[in-house]
Amino acid sequence: QVQLVESGGGLVQAGGSLRLSCAASGRTFSSFAMAWFRQAPGKERDFVAAIIWSNGNTYYADSVKGRFTISRDNAKNTVYLQMNSLKPEDTAVYYCARRTDLVLGRSWYVQEHVYDNWGQGTQVTVSS
């Protein structure tokens, strides 16, 4: 069993920064990738960023490219999301997700169903 716990959310003014953390515990010795998704009020959950655990390759949604950076600390089993130049439209609950095994296919990382574990979410609110 794997548990994912997000932290670092909060209220920030537009143009500000936040860093989210997601700590994985339990049977985490085999992780292929981890990702961040977000869900704004009244909207579907959307892909934000993903990282391949072994080689650090990263993927981003177009809406956050150049502003957000995903990274990982292998020793701490933790993935981070550094969010800069935040906009009101970034307001959402941010979820961490983990994929256990190798997955192939075009843009697999944006699909919610490929992820095996999810955190409880952390609220990010950006005021204008």
Side-chain angles (χ1 to χ4, degrees):
Q1 192 76 358
V2 174
Q3 295 80 40
L4 303 177
V5 178
E6 301 101 333
S7 61
L11 174 64
V12 64
Q13 287 188 331
S17 299
L18 282 175
R19 189 177 83 153
L20 305 183
S21 300
C22 173
S25 61
R27 293 175 61 85
T28 59
F29 55 85
S30 169
S31 293
F32 174 66
M34 293 188 73
W36 290 95
F37 285 73
R38 66 186 182 186
Q39 187 168 22
K43 296 187 177 181
E44 295 185 349
R45 189 157 57 183
D46 292 328
F47 169 77
V48 175
I51 187 166
I52 306 300
W53 205 254
S54 59
N55 60 20
N57 284 357
T58 57
Y59 308 90
Y60 295 95
D62 288 343
S63 59
V64 306
K65 278 182 182 176
R67 300 189 299 122
F68 291 11
T69 302
I70 188 171
S71 61
R72 90 274 194 227
D73 185 326
N74 293 37
K76 295 182 179 180
N77 281 327
T78 299
V79 65
Y80 304 98
L81 186 68
Q82 178 66 45
M83 305 185 295
N84 298 328
S85 302
L86 282 161
K87 305 175 182 180
E89 51 263 44
D90 294 318
T91 294
V93 177
Y94 283 70
Y95 296 91
C96 174
R98 173 182 170 271
R99 167 72 186 188
T100 304
D101 298 320
L102 174 68
V103 60
L104 301 175
R106 182 181 178 89
S107 299
W108 59 266
Y109 42 86
V110 305
Q111 301 175 48
E112 291 187 52
H113 70 89
V114 307
Y115 294 92
D116 303 301
N117 308 105
W118 290 85
Q120 82 288 350
T122 185
Q123 177 70 46
V124 172
T125 303
V126 184
S127 63
S128 57

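Note: hydrogens, waters and symmetry copies are ignored here, and every other heavy atom, side chains too, is used.
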Not counting sequence neighbours, list each pair that qualifies as a disulfide bond (SG atoms under 2.5 Å apart) and has a residue in residues 32-86.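 Sorted pair list comes back empty.
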Under the disulfide bond (SG atoms under 2.5 Å apart) rule, what pairs show up with a residue in residues 38-77, not counting sequence neighbours?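 For residues 38-77: none.
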Pair [X], [Y]: side-chain N/O donor-acceptor within cut-off below 3.5 Å:
{"X": "D116", "Y": "T100", "answer": "yes"}
{"X": "E89", "Y": "T91", "answer": "no"}
{"X": "Q13", "Y": "S127", "answer": "no"}

Atom of A49, atom of L81 and distance for their closest heavy-atom approach: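 What the structure gives for the nearest pair is CB-CD1, 4.2 Å.
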Heavy atoms only: give me the nearest W53-S31 pair and the separation to one decimal.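 Of all heavy-atom pairs spanning W53 and S31, the closest is CB-O, 3.4 Å.
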Once side-chain contact (heavy atoms from CB on, under 4.5 Å) is applied, do any residues pair with [X], and if so which ones, sequence neighbours excluded?
{"X": "S54", "result": "I52"}
{"X": "S128", "result": "P88"}
{"X": "L102", "result": "F32, L104"}

Sequence neighbours excluded and cut-off under 3.5 Å, please list the side-chain donor-acceptor pairs for residues 14-23, or say none.
from, atom 1, to, atom 2, distance (Å)
S17, OG, N84, OD1, 2.9

I would like to know whether N57 and I51 meet side-chain contact (heavy atoms from CB on, under 4.5 Å); could you show each step before the answer? CA-CA 6 Å; N57 284 357; I51 187 166; over 6 Å; no
Is there a path from F37 to M83 through hydrophobic residues (I, L, V, M, F, W, Y) whose side chains come within less than 4.5 Å of each other?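 No, because F37 and M83 fall into different hydrophobic clusters, even though each may have its own neighbours under 4.5 Å.
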Should Y115 and I70 be counted in the same cluster of Ile, Leu, Val, Met, Phe, Trp and Tyr side chains packed under 4.5 Å apart?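 Shared cluster, no.
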Applying ring pair (Phe, Tyr, Trp, His ring centres under 6.0 Å) as the test, list every pair that has at least one member in residues 67-105; sequence neighbours left out.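 Those involving residues 67-105 do not exist here.
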As a quick check of understanding, evaluate side-chain contact (heavy atoms from CB on, under 4.5 Å) for W36 and C96, giving each step before the final call. CA-CA 5 Å; W36 290 95; C96 174; 4.1 Å; yes
Under the side chain to side chain donor-acceptor pair (under 3.5 Å) rule, collect the residues that match up with [X], sequence neighbours excluded.
{"X": "S7", "result": "none"}
{"X": "D90", "result": "R38, R67"}
{"X": "D62", "result": "K65"}

Sorted by first residue and then second, give each salt bridge (Lys or Arg N to Asp or Glu O under 4.0 Å) pair with at least one member in residues 101-111; sequence neighbours left out.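 Counting only pairs at least two positions apart or across chains, no salt bridge (Lys or Arg N to Asp or Glu O under 4.0 Å) contact touches residues 101-111.
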Considering only distance and modelled atom types, tabulate donor-acceptor pairs under 3.5 Å from the side chains of residues 39-48, sequence neighbours left out.
from, atom 1, to, atom 2, distance (Å)
Q39, NE2, K43, O, 3.0
R45, NE, E112, OE1, 3.0
R45, NH2, E112, OE1, 2.9

Against N117, only a single residue in R98, Q3, Q1 fulfils side chain to side chain donor-acceptor pair (under 3.5 Å); can you say which?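 So the option named by the test is R98.
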